[in-house]
Amino acid sequence: MYCNSGSTSNELSWCYLSSPIGGSGAPYTLRLSTVRSIWQPGRSRRQVCILTQLFAWNSTMESKTGTMRVMVTGGSGLVGKAIQHVLKEEGEARDGEEWIFLSSKDADLMNADETNALFEKHRPTHVIHLAAMVGGLFRNMRQNLDFWRNNMYINDNVLRAAHDFDVVKVVSCLSTCVFPDKITYPIDETMIHNGPPHDSNFGYSYAKRMIDVHNRAYFAQYGRGYTAVIPTNVFGPHDNFNIEDGHVLPGLIHKTYIAQNEGTALQVWGSGRPLRQFIYSLDLARLFLWVLREYNEVDPIILSVGEEDEVSIKEAADAVVKALNFKGEVVYDTSKSDGQFKKTASNAKLRKYRPDFTFTPFHKAVKETCDWFVANYDVARK
């Protein structure tokens, strides 16, 4: 592979790949329109050419039976189950793709040897990295050190193994909590490292931030095309509905269900005033597939509804109350922490790529999630 030797992105008009990564075949040329999308200020011509080569091969693999082997860590969780649903139930699986969904039963990703053995066994060409130690506000406040150490081990082991086993592309999952607490709104992808995160979950936040550092370093040193997505608050079927340790929306659903069955008041922790952008897990899964197949940047991308769709915790509680037809009293316990008041994120970068993507309306998504929880109460994580 070689590129013409211009000194600017305008002069870098093509890359000629005589031996694409992952196989042989006829030489072909990528023109300026393709290369421009991955040209970033400060990148050398060599880096741009390497990334172009990686994604050129990635884009051609779909026509080669059995060449795209996708391993999903954390595949039994909320987002992993949603990806499985979109692939199987919505018909989004493609010929030439093989999908492997893993859970914590398959390996302890905090252990380097077990992680390497997993990559040796499955030999993926692509990885969606969802596995993490996760929890809601109050668990994070209690265990910041655990969240930092365990997630750092997991992420370093997975990304190092991906490099060692020559994985073409890794898409990791971050969170909007990685952004600084004191910041101007709306947040965008360039602001990740502009200050410390909120004190309530700094361990988890810093560990997730380091994935972006990992990705940039693997690209700078080895030309790896590893990237990350930053979803806002995810919810949906197969969530963790644990009241103490889960996230706000599944926790509200579980508490409302119990209050309804016991004829008691629904107690909402905090004032109800903080604002959040919620994304339905099935919408996130559809976007994950697009990122894996088509998004050609190392820089992360926010996956979120628009700023105009931000809702308060009170509005979220009202949506759950309506979905479950709860008729009892709703009480706000202001002795409990509100956590970060807001973390409004811009989805302008996503809209540049996917201007026509349609998100599931919030109330419809809440209703579907509540219906799933009621129907699967005995087996739901709680």
Q: Examine distances only and state if a side-chain atom of Asn157 and a backbone atom of Met110 form a donor-acceptor pair shorter than 3.5 Å.
A: yes
Q. Looking only at heavy atoms, what is the nearest atom pair of Ala132 and Lys208, with distance?
A. CB-NZ, 3.8 Å
Q. Does the separation of the ring centres of Phe278 and Phe362 fall below 6.0 angstrom?
A. yes
Q) Do you know the tightest heavy-atom contact between Ile230 and Pro300? A) CD1-CB, 3.9 Å
Q: Find out if a path of hydrophobic residues (ILVMFWY) with successive side-chain heavy-atom gaps under 4.5 Å connects Val178 to Met152.
A: no
**Q.** salt bridge (Lys or Arg N to Asp or Glu O under 4.0 Å) partner of Asp166, chosen from Arg224, Arg69, Arg123
**A.** Arg224
**Q.** Side-chain donor-acceptor pair present, Glu310, Thr344, cut-off under 3.5 Å
**A.** yes
Q. Side-chain contact, heavy-atom cut-off 4.5 Å: Pro237 with Ser281?
A. yes
Q | Interatomic spacing from NE2 in His198 to NZ in Lys343 - rounded to 0.5 Å | A | 9.5 Å
Q | Donor-acceptor under 3.5 Å (Glu189 side chain, Ile302 main chain) | A | yes
Q: Output the distance between atom NZ (Lys382) and atom CD1 (Ile253), rounded to the nearest 0.5 Å.
A: 13.5 Å
(Q) Is it the case that the side chains of Asp188 and Ser346 hold a donor-acceptor pair, with the cut-off being a distance below 3.5 Å and no angle test? (A) no
Q) Given the rule in the salt bridge (Lys or Arg N to Asp or Glu O under 4.0 Å) test, do Asp283 and Arg286 qualify, once you have shown the distances and angles that lead to the verdict? A) CA-CA 5 Å; Asp283 291 336; Arg286 296 169 189 126; 2.6 Å; yes
Q. Quick one: does Arg139's side chain have a donor or acceptor within less than 3.5 Å of a partner on Val134's backbone?
A. yes
Q) Do Val248 and Ile313 come close enough that some side-chain heavy atom pair is under 4.5 Å? A) yes
Q. Under 3.5 Å, is there a donor-acceptor pair between the side chain of His254 and the main chain of Phe241?
A. yes
Q. In terms of hydrophobic clustering (I, L, V, M, F, W, Y; side-chain heavy atoms under 4.5 Å; direct or indirect links), are Phe357 and Ile279 co-clustered?
A. yes
Q: Answer yes or no: is there an ion pair linking Asp318 with Lys314, defined by an N-O contact shorter than 4.0 Å?
A: yes
Q: Go through the steps for Arg381 and Asn242 under the test side chain to side chain contact (heavy atoms under 4.5 Å, CB included), then give the verdict.
A: CA-CA 7 Å; Arg381 287 186 295 161; Asn242 186 284; over 6 Å; no
Q | Polar side chain donor-acceptor pair, Asp212 to His193, under 3.5 angstrom | A | yes
Q) Looking at side-chain heavy atoms only, is the closest gap between Asp146 and Trp148 below 4.5 Å? A) no
Q. Short question: side chain of Glu315, backbone of Ser312 - any donor-acceptor pair under 3.5 Å?
A. yes
Q. Where does the angle between the aromatic ring planes of Phe202 and Tyr206 fall among parallel (under 30°), tilted (30 to 60°) and perpendicular (over 60°)?
A. perpendicular
Q: Decide side chain to side chain donor-acceptor pair (under 3.5 Å) for His238 and Asn376; before the verdict, give the C-alpha distance in whole Å, the side-chain angles of both, and the deciding distance to 0.1 Å.
A: CA-CA 9 Å; His238 302 281; Asn376 295 275; over 6 Å; no
(Q) Run the ring-ring contact (aromatic ring centres under 6.0 Å, His included) test on Tyr226 and Phe219 for me, step by step, so that the C-alpha distance in whole Å, both residues' side-chain angles and the decisive distance to 0.1 Å come before the verdict. (A) CA-CA 7 Å; Tyr226 301 164; Phe219 175 69; over 10 Å; no
Q.
Keeping Thr232 on the side-chain end and Gln277 on the backbone end, is there a donor-acceptor pair under 3.5 Å?
A. yes
Q: Say whether Tyr280 and Glu368, considering side chains only, have a donor N or O and an acceptor N or O under 3.5 Å apart.
A: yes
Q.
Walk me through whether Asn347 and Lys349 qualify under side chain to side chain donor-acceptor pair (under 3.5 Å).
A. CA-CA 6 Å; Asn347 68 353; Lys349 184 175 182 179; over 6 Å; no
(Q) Closer than 3.5 angstrom, by distance alone: can the side chain of His214 be matched with the main-chain N or O of Met210 as a donor-acceptor pair? (A) yes
Q. Could you state the interatomic distance from CG (Asn325) to NZ (Lys367), rounded to the nearest 0.5 Å?
A. 8.0 Å
Q) Are a donor atom and an acceptor atom from the side chains of Glu297 and Tyr353 found within less than 3.5 Å of each other? A) yes
(Q) Using every non-hydrogen atom in the two residues, find where Gly236 and Thr369 come nearest and quote the distance to one decimal. (A) CA-OG1, 3.4 Å
Q | Value rounded to 0.5 Å, distance of OG1 in Thr73 from CD1 in Ile154 | A | 8.5 Å
Q | Leu303 side chain reached by Leu350 side chain, heavy atoms, under 4.5 Å | A | yes
Q: Hey, could you give me the CZ/CD1 distance between Arg216 and Ile211, rounded to the nearest 0.5 Å?
A: 13.0 Å
Q | Considering all heavy atoms, the nearest Ala162-Val170 contact | A | CB-CG2, 3.7 Å
Q) Side chains of Leu289 and Leu87: does their closest heavy-atom pair fall under 4.5 Å? A) yes
Q. Okay, side chain of Asp106, backbone of Ser103: is any donor-acceptor separation there less than 3.5 Å?
A. yes
Q: Look at the aromatic rings of Phe373 and Tyr257 and report parallel, tilted or perpendicular, splitting at 30° and 60°.
A: perpendicular
Q.
So Pro197 and Phe179, do their side chains get closer than 4.5 Å, heavy atoms only?
A. no
Q. How about Arg160: does its CZ atom have over 12 heavy atoms from other parts shown lying under 6.0 Å from it?
A. yes
Q: Verify the neighbour count for atom NZ of Lys342: are there more than 12 heavy atoms of other residues, nucleotides or ligands below 6.0 Å?
A: yes
Q.
Any side-chain to backbone donor/acceptor pair from Lys182 onto Gly195? Under 3.5 Å, distance only.
A. no
Q: Would you verify whether the NZ or CZ of Lys255 falls within 45 degrees of the ring axis of Trp269 while also being under 6.0 Å from that six-membered ring's centre?
A: yes
Q: Indicate the atoms forming the closest heavy-atom contact of Ala380 with Trp372, along with that distance.
A: CB-CZ3, 3.9 Å
Q) Picking from Asp239, Leu130, Asn240, what satisfies side-chain contact (heavy atoms from CB on, under 4.5 Å) with Leu78? A) Asp239
(Q) Using the ring centroid of each side chain, check whether His247 and Phe235 are separated by less than 6.0 Å. (A) no
**Q.** Heavy-atom neighbours of Asp199 CG exceed 12 at 6.0 Å
**A.** no
**Q.** Heavy-atom closest pair, residues Ala323 and Val366
**A.** CB-CG1, 4.2 Å
Q: Assess the side chains of Asn215 and Thr227: does a donor N or O sit below 3.5 Å from an acceptor N or O?
A: no
Q: Check for a donor-acceptor pair, side chain of Asn151 on one end and backbone N or O of Met133 on the other, with a separation under 3.5 Å.
A: yes
Q | From Tyr204 atom OH to Ser175 atom OG, the distance as rounded to the nearest 0.5 Å | A | 5.0 Å
Q. Taking a hydrophobic cluster as the set of Ile, Leu, Val, Met, Phe, Trp and Tyr residues connected by side-chain heavy atoms closer than 4.5 Å, whether directly or through intermediates, do Val305 and Leu275 fall within one such cluster?
A. no
Q: Kindly indicate whether the side chain of Trp99, heavy atoms from C-beta on, has any atom under 4.5 Å from the side chain of Ile83.
A: yes
Q | Side-chain touch Val229/Leu287, heavy atoms, less than 4.5 angstrom | A | no
